[in-house]
Enquirer: 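Here's a structure for you.
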Amino acid sequence: MKNRKKPVPGPAPAPENNRIDRFFRALDDFIRSKISSNIQLELIFAVAFCLVLALVAYNITFNLTRKVTEHKFISYEQGIYDISSSANDIAERMLNDLRYKEESEITEEMRLNVRYPSENNPEMKQFDLTTAMNNLIEDFSRTTTLKVIVTDLEGNIRYKTANVNERAIDVFDVIKSVYDVDYYNSGNTSNEAVTERTFVYPMNFLKEDIYLIIRDTPVADIQTSSTYSYNSSLSIFVGFLFFVIGFMVITRNKMDYIQELSNTVRIISTGNLKYTAPVKGNDELTELAKSINIMARDIDERIEEERNLERTKQELITNVSHDLRTPLTSIIGYLGLAKSSGITEAQRSDYLQIAYAKAESLKDLISELFEYTKLQSSDNKPSLTTVNLRDLLDQLVEEMIPMAEEQNLTIEKSFTNKDTLLSVDVPQIVRLFENLISNAIKYSHTKTPILVRVFSADQQGYLTVTVENSIDSISDEDIAKMFERFYRLEKSRSSETGGSGLGLAIAESIVNNHHGKIQATKKDEHTLVISVKLPALII
């Protein structure tokens, strides 16, 4: 068989991040987003970082300014420690070592707890006192000048090292002198008090009471002590300097941003409301910048509204003056003619009839002006009643058919079969659609029927009513201005060819008072559609 090539293994897939990595990554993103969106946390982080920086600078400066002063002195501590340790170890071994006890005295607990650091064979019994002491001194003595004496209760020396000259010892005098000397007091290690050290241990060796006496003079040792001095004032100053510099560097962008916002407020305060504050970051300063921009825009819009209101007021005064002066002048003129004596009764009657008609026109204008002003008042609140819009319009259209027939026009209706319930001020709604239908009758250019439609509620909950009529020609600019006060498509402002210019403005005010919408559009070049949307009543 032919050898088959083994497939070359591809690169091992990268191991997926485990849960711990994902957790810490999510935690890091959360902390970063919280710090970046909260100026208090940003300041806390900045202060904490600067404190760490200041502490590091303080420690470095503190260590750099360190001065070391060395003092040499003679010490006996190590020598005293060596003598004491040797004496304690020798005495402990004589008391506890199984090699110096009879088999009958050895308990199982002794066998379990005993330790044999000696190089001698622990199994070999050493009942000879000289051999035992020599071995102990060899194993546990840390000094070469150690003096060891073993005496009985009467002071007879049973064993002594070669460097001991006494032949007999007063045991009680030795014991008394040991416990009377000052250098056994705690902490007394002065050089003047250092003399020969003596340790006495009463014990029983192979059923015999003895005293173990150990003596030695501690060896002096030359030691060096170091004294450290630091310049803490300089270290504190450097740490404080690093804190200030670090804080200024970290908060520089924020301080610059605050300065930008301050400059923005100053510029806006001079009247430049078109100037906007820069929006940076995602913290409270960002929200402040947005609020400044919104405030400036609102103030600018309000000022513009006030200008428009002032301009409209001037136009209102001008238009009202014109519309009131014209019929009033005619009334005065015709009444003056009627008062003259050189006219016939038929002429006087005609003049009075014309003056009366002008007065009626003047009364209607004043009534419309009063109604429009009342609708614009903030105190004007609709008195709401639930009605079926379809029934209301059906009745209203029937009442206006005679007006249409006078103009050789017809009115067609297209109403939805569904309920069209509204909560409205009925007199205002009637006035609204009277204005719309009467305008359609008055300004229809051809004998095309006027179409009134009622649509059922849409998804937003609005009922829609449209009034369509024919027109000659009208520009988009004229359509946009149709609902302005005293605006007329007929520019001569003649009462014979146009109304007061308040009808559609009153209609718009009524719709706004009912939280609805009204607009005018061209269906085609010769058809105008006025649409009214009113919130339906949901039962």
Side-chain angles (χ1 to χ4, degrees), residues 364 367-372 374-376 380 382-407 409-444 448-458 461-471 479 482-485 487-489 498-523 527-537:
D364 293 339
S367 296
E368 286 193 349
L369 182 61
F370 174 75
E371 183 174 359
Y372 176 77
K374 183 176 67 174
L375 289 172
Q376 293 296 312
N380 179 50
S383 179
L384 302 180
T385 305
T386 301
V387 296
N388 192 318
L389 181 61
R390 183 181 58 194
D391 297 339
L392 184 146
L393 284 177
D394 184 59
Q395 179 180 351
L396 182 61
V397 170
E398 292 296 329
E399 293 175 356
M400 302 194 72
I401 287 177
M403 182 187 298
E405 290 177 348
E406 290 179 1
Q407 303 294 329
L409 295 171
T410 59
I411 301 177
E412 295 181 358
K413 300 178 292 185
S414 177
F415 295 167
T416 179
N417 293 326
K418 297 181 179 180
D419 289 334
T420 53
L421 298 180
L422 298 175
S423 180
V424 295
D425 188 313
V426 176
Q428 290 188 14
I429 293 299
V430 170
R431 179 61 188 274
L432 164 66
F433 291 110
E434 277 182 350
N435 286 357
L436 297 182
I437 297 174
S438 62
N439 277 355
I441 294 173
K442 187 181 300 183
Y443 298 109
S444 288
T448 304
I450 298 169
L451 181 57
V452 180
R453 293 183 178 180
V454 178
F455 299 90
S456 56
D458 57 15
Y462 285 94
L463 290 172
T464 303
V465 180
T466 62
V467 179
E468 300 180 14
N469 65 283
S470 61
I471 56 174
I479 290 179
M482 284 179 62
F483 298 100
E484 293 183 4
R485 291 170 292 189
Y487 183 79
R488 296 177 182 174
L489 296 178
S500 64
L502 288 173
L504 291 180
I506 291 173
E508 184 182 40
S509 297
I510 293 173
V511 172
N512 291 337
N513 287 342
H514 287 79
H515 308 290
K517 305 173 185 176
I518 186 170
Q519 64 177 354
T521 57
K522 285 196 298 184
K523 185 177 181 180
T527 306
L528 177 67
V529 180
I530 295 182
S531 302
V532 177
K533 289 187 175 184
L534 296 171
L537 182 62

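Residue indices begin at 1 and follow the sequence shown.
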Enquirer: What are the two closest heavy atoms between S456 and L463, and how far apart are they?
Expert: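 Shortest heavy-atom contact: C-CD2, 3.7 Å.
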Enquirer: Would you find a donor on one side and an acceptor on the other, under 3.5 Å apart, between the side chain of H514 and the backbone of D425?
Expert: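 At least one qualifying donor-acceptor pair exists.
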Enquirer: Could you grab the distance from atom CE of M400 to atom CD1 of I411, nearest 0.5 Å is fine?
Expert: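 Spacing of CE (M400) from CD1 (I411) equals 6.5 Å.
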Enquirer: Using 0.5 Å steps for rounding, measure from the CG atom of L409 to the CD1 atom of I401.
Expert: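 Here the interatomic distance stands at 12.0 Å.
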Enquirer: If you round to the nearest 0.5 Å, how far is OG1 of T385 from CG of L422?
Expert: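 L422 CG to T385 OG1: 11.5 Å, rounded to 0.5 Å.
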Enquirer: Heavy-atom count check: over 12 atoms from other residues, nucleotides or ligands less than 6.0 Å from K418 NZ?
Expert: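 Open.
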Enquirer: Using every non-hydrogen atom in the two residues, find where T466 and F455 come nearest and quote the distance to one decimal.
Expert: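 Closest approach of T466 to F455, heavy atoms only: OG1-CE1, 3.8 Å.
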Enquirer: Taking atom CD of E399 as the centre, does the number of heavy atoms from other residues, nucleotides or ligands within less than 6.0 Å exceed 12?
Expert: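 Counting neighbours around CD of E399, more than 12 heavy atoms of other residues, nucleotides or ligands fall under 6.0 Å, so yes.
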Enquirer: If I take atom CD from residue Q428 and atom OG from residue S509, how far apart are they, to the nearest 0.5 angstrom?
Expert: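 Q428 atom CD to S509 atom OG measures 9.5 Å (nearest 0.5 Å).
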Enquirer: Minimum heavy-atom separation for I471 to T527, with atom names?
Expert: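 Heavy atoms only, the tightest pair is CG1-N, 3.7 Å.
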Enquirer: I'd like to check E412 versus E468 (side-chain heavy atoms, cut-off strictly below 4.5 Å). Are they in contact?
Expert: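 No; the side chains remain at least 4.5 Å from each other.
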Enquirer: For the CD1 atom of I450 and the CD1 atom of I441, what is their distance to the nearest 0.5 Å?
Expert: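 Rounded to the nearest 0.5 Å, the CD1-CD1 separation comes to 4.5 Å.
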Enquirer: I'd like to know if the side chain of N512 and the backbone of E508 have a donor-acceptor N/O pair within less than 3.5 Å.
Expert: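 Judged by distance alone, yes, a pair lies under 3.5 Å.
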Enquirer: Out of I429, V430, N435, which residue meets the side-chain contact (heavy atoms from CB on, under 4.5 Å) rule with F433?
Expert: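 When I429, V430, N435 are each tested with F433, the side-chain contact (heavy atoms from CB on, under 4.5 Å) holds only for I429.
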Enquirer: Could you pull out the closest heavy-atom pair between V467 and A440, with the gap in Å?
Expert: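 For V467 versus A440, the nearest heavy atoms are CG1-CB, 3.9 Å.
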Enquirer: Could you tell me which non-hydrogen atom of G516 sits nearest to which non-hydrogen atom of L534, and how far apart they are?
Expert: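 The pair with the smallest heavy-atom distance is CA-CD2, 4.4 Å.
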Enquirer: Looking at T420 and R390, would you say the former's side chain and the latter's main chain have a donor-acceptor pair under 3.5 Å?
Expert: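 At least one qualifying donor-acceptor pair exists.
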Enquirer: Can you tell me how far apart CG (N388) and CG (L393) are? Round to the nearest 0.5 Å.
Expert: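 Those atoms lie 9.5 Å apart.
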Enquirer: Let's go through E398 and K413 carefully: what are the C-alpha distance in whole Å and the side-chain angles of both, what is the deciding distance for side-chain contact (heavy atoms from CB on, under 4.5 Å) to 0.1 Å, and is it a yes or a no?
Expert: CA-CA 10 Å; E398 292 296 329; K413 300 178 292 185; 3.2 Å; yes
